[in-house]
Amino acid sequence: MEFSSDSVSIDMETISLGGKEYLVKTRLGTVSVVVFGDQDKPALVTYPDLALNHISCFQGLFFSPEASSLLLHNFCIYHISPPGHELGAAPIVSNDFSRSVDDLADQIVEVLNFFGLGAVMCMGVTAGAYILTLFAMKYRQRVLGLILVSPLCRAPSWTEWLLNKVMSNFLYFYGMCGMAKELLLKRYFSKEVRGSVLVPESDIVQACRRLLDERQSINVCRFLDAMNERPDLSEGLRKLYCRSLIFVGENSPFHSEALHMTSKLDRRYSALVEVQACGSMVTEEQPHAMLIPIEYFLMGYGLYRPTLSISPRSPLSPSCISPELLSPESMGLKLKPIRTRISL
C-alpha cells in the first residue's frame, strides 16, 4: 500500500507487541499509530480513554482468541494514541500549544490520509469515544460505523469538571501520584475488581496501575484539560447516520452519559448494550460481553467471523447463538452478563 505524504510523514517505525508502530507527523504534532494485521483489509481505528493507550485499554478485547477471529479476520487495526500517551513518550514541552478536542479529531483525518484510508470503522472508550464521535460528525464520509464504550457526548457536568480539575492539579504538581492513579482507576473499573480491605485488586487493575506509572503526567494533563473544555455534541447526534453500537458498564460513572447519548441518536441506526457488574472499561473488565453484539453489528456490513478457527468453548460458536440473535429484534434480548436495549 502506498501512503500519501501531503501533510504527514513517518518519523520512526518500531515493533509494539506484534504490531508495527508509526510515529506520524501531523500539522498539530506527532501521533503514535500501532498497526495490526493486513493493511489491504478494511480499517478499524481505535482511540483509548484518558491516560491509556492500546495496551492498557484494548488488549483484553483484542488479545482474546474469539476477538482475533472476529476482528482481525475482517479488519486491519489502527490503534491511535492521544498525544504523548504512547509507550516511551517524552513529556510534551511546555511551550507547545494546547490541543482542543477539535484538534484531536482533525489529527485523525490526517492519519487516515497518510495511510491512504477512506471510510473506517471506529472504536473508542470514554474520552476516546468522544473524540471519535466528534470526528464522525465533522467527517461523516470517513466513518462506516461507531463502536463506543462508556461514551461521553455532553459538556462536563460541574461535578465532573471539578473532579477533573482536582485530578489535573494532582498530575501537574505531584505527577502520577497515588491519588491521581486512584481517581483514574475509579474512572475505569467497577468497585468489584478494584478490591477492598478484605478483597485484593484483580490482575487487570494491578496491570493498569503499573502501566499508569509509565505515563508522563503533563501529557495526561493536556488531554484531560482538552476534555474538560469539550462542547456538547448532543444536538448534532441526530444527524449522525452511521450505525452506532454503544456499550456501557452499569457501574460506570458515565452510565447516565451513555443513556443520554443513546436517546439522542437516530433509533434506526443505534443500539445500547449495558454490561452488568462492570465499570467504564468494558474492553478490559468484561471483553467477552462485547463479542456477540459486535458480531451481530458487523453482520449488518456483510462481515462475519471465520468458522474454522473458532474454539468449541467460544461464546461465538454457532451452537451458542440462538436463532433470535439473527433477527433485528435480537438487540433487545438479555444475554448474560449483558443487558441490551434498542428502540424499535
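Everything numeric in this text was worked out from a predicted model, so none of it was measured.
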Verify, without hydrogens or angle tests, whether [X] (side chain) and [Y] (backbone) share a donor-acceptor contact under 3.5 angstrom.
X      : Y      : result
Ser252 : Gly279 : no
Lys165 : Asn228 : no
Lys20  : Phe36  : no
Gln216 : Gly84  : no
Gln206 : Glu201 : yes
Asn53  : Ser81  : no
Arg99  : Phe223 : no
Asn74  : Leu70  : yes
Asp103 : Ser100 : yes

Just so I know, are the side chains of [X] and [Y] near enough to count as touching, which here means a heavy-atom distance under 4.5 Å?
X      : Y      : value
Val34  : Tyr22  : no
Cys242 : Leu146 : yes
Pro91  : Ile218 : yes
Ser168 : Cys221 : yes
Ser190 : Val193 : yes
Cys208 : Leu52  : yes
Glu257 : Thr262 : no
Pro231 : Val101 : yes

Hydrophobic cluster membership, with links at side-chain heavy-atom distances under 4.5 Å among I/L/V/M/F/W/Y: are [X] and [Y] in one?
X      : Y      : answer
Leu224 : Tyr174 : yes
Met179 : Leu50  : yes
Tyr241 : Leu298 : no
Tyr269 : Met123 : no
Phe254 : Leu259 : yes

Mind checking the [atom1]-[atom2] spacing from [X] to [Y]? Nearest 0.5 Å is all I need.
X      : Y      : atom1 : atom2 : result
Lys264 : Arg154 : NZ    : CZ    : 9.0 Å
Ile77  : Ser68  : CD1   : OG    : 9.0 Å
Lys138 : Thr133 : NZ    : OG1   : 13.5 Å
Ile294 : Phe247 : CD1   : CZ    : 4.5 Å
Glu284 : Cys57  : CD    : SG    : 7.0 Å
Gln107 : Thr30  : CD    : OG1   : 9.0 Å

Search all heavy atoms of [X] against all heavy atoms of [Y] and return the closest pair with its distance.
X      : Y      : result
Val248 : His255 : CG2-CA, 3.7 Å
Asp266 : Ser270 : O-OG, 3.0 Å
Pro293 : Leu245 : O-CD2, 3.7 Å
Val149 : Ala129 : O-CB, 4.3 Å
Ala51  : Leu184 : CB-CD1, 3.9 Å
Gly118 : Leu112 : O-CD1, 4.1 Å

Only one of Val111, Leu44, Val45 passes side chain to side chain contact (heavy atoms under 4.5 Å, CB included) with Tyr78, and that residue is Val45

Which of Ser256, Ser244, Cys153 passes side chain to side chain contact (heavy atoms under 4.5 Å, CB included) with Met261? Answer is Cys153

SB check Glu182 Arg209 (cutoff 4.0 Å)
yes

- prompt: Below 4.0 angstrom, N of the basic side chain to O of the carboxylate: do Arg27 and Asp106 qualify?
  reply: no

field: Criterion side chain to side chain contact (heavy atoms under 4.5 Å, CB included) on Leu171 and Met167, from CA distance to verdict
entry: CA-CA 6 Å; Leu171 290 166; Met167 192 189 312; 4.2 Å; yes

Tyr139 atom OH, over 12 foreign heavy atoms within 6.0 Å
yes

- prompt: Just wondering, more than 12 heavy atoms not from Lys186 lying within 6.0 Å of its NZ?
  reply: no

In short, salt bridge (Lys or Arg N to Asp or Glu O under 4.0 Å) pairs touching residues 223-236 with sequence neighbours left out are Glu160-Arg230

Salt bridge (Lys or Arg N to Asp or Glu O under 4.0 Å) pairs touching residues 69-83, sequence neighbours excluded, are none

Worksheet item: Taking it one step at a time, do Tyr47 and His79 satisfy ring-ring contact (aromatic ring centres under 6.0 Å, His included)?
Response: CA-CA 6 Å; Tyr47 210 101; His79 292 296; over 10 Å; no

Residues at least two apart in sequence or cross-chain that pass side-chain contact (heavy atoms from CB on, under 4.5 Å) with Pro253, listed by chain then number, are Ser280

Check the side chains of Ser234 and His260 for a donor-acceptor pair under 3.5 angstrom, ignoring hydrogens and angles.
-> yes

Q. Going through the checks in order, is the side chain to side chain contact (heavy atoms under 4.5 Å, CB included) test met by Val31 and Ile108?
A. CA-CA 9 Å; Val31 180; Ile108 295 173; over 6 Å; no

Checklist entry - Phe63 and Phe58: ring-ring contact (aromatic ring centres under 6.0 Å, His included), yes or no, with the steps? => result CA-CA 8 Å; Phe63 285 8; Phe58 293 106; over 10 Å; no

| task | Test Tyr188 against Val205 for side chain to side chain contact (heavy atoms under 4.5 Å, CB included), laying out the working first. | result | CA-CA 9 Å; Tyr188 307 145; Val205 176; over 6 Å; no

Review point. So is Arg243 actually on top of Tyr301's ring, under 6.0 Å and inside 45° of the axis?
Key: yes

Going through the distances and angles, do Thr283 and Met290 end up as a side chain to side chain contact (heavy atoms under 4.5 Å, CB included)?
CA-CA 8 Å; Thr283 51; Met290 300 178 66; 3.8 Å; yes

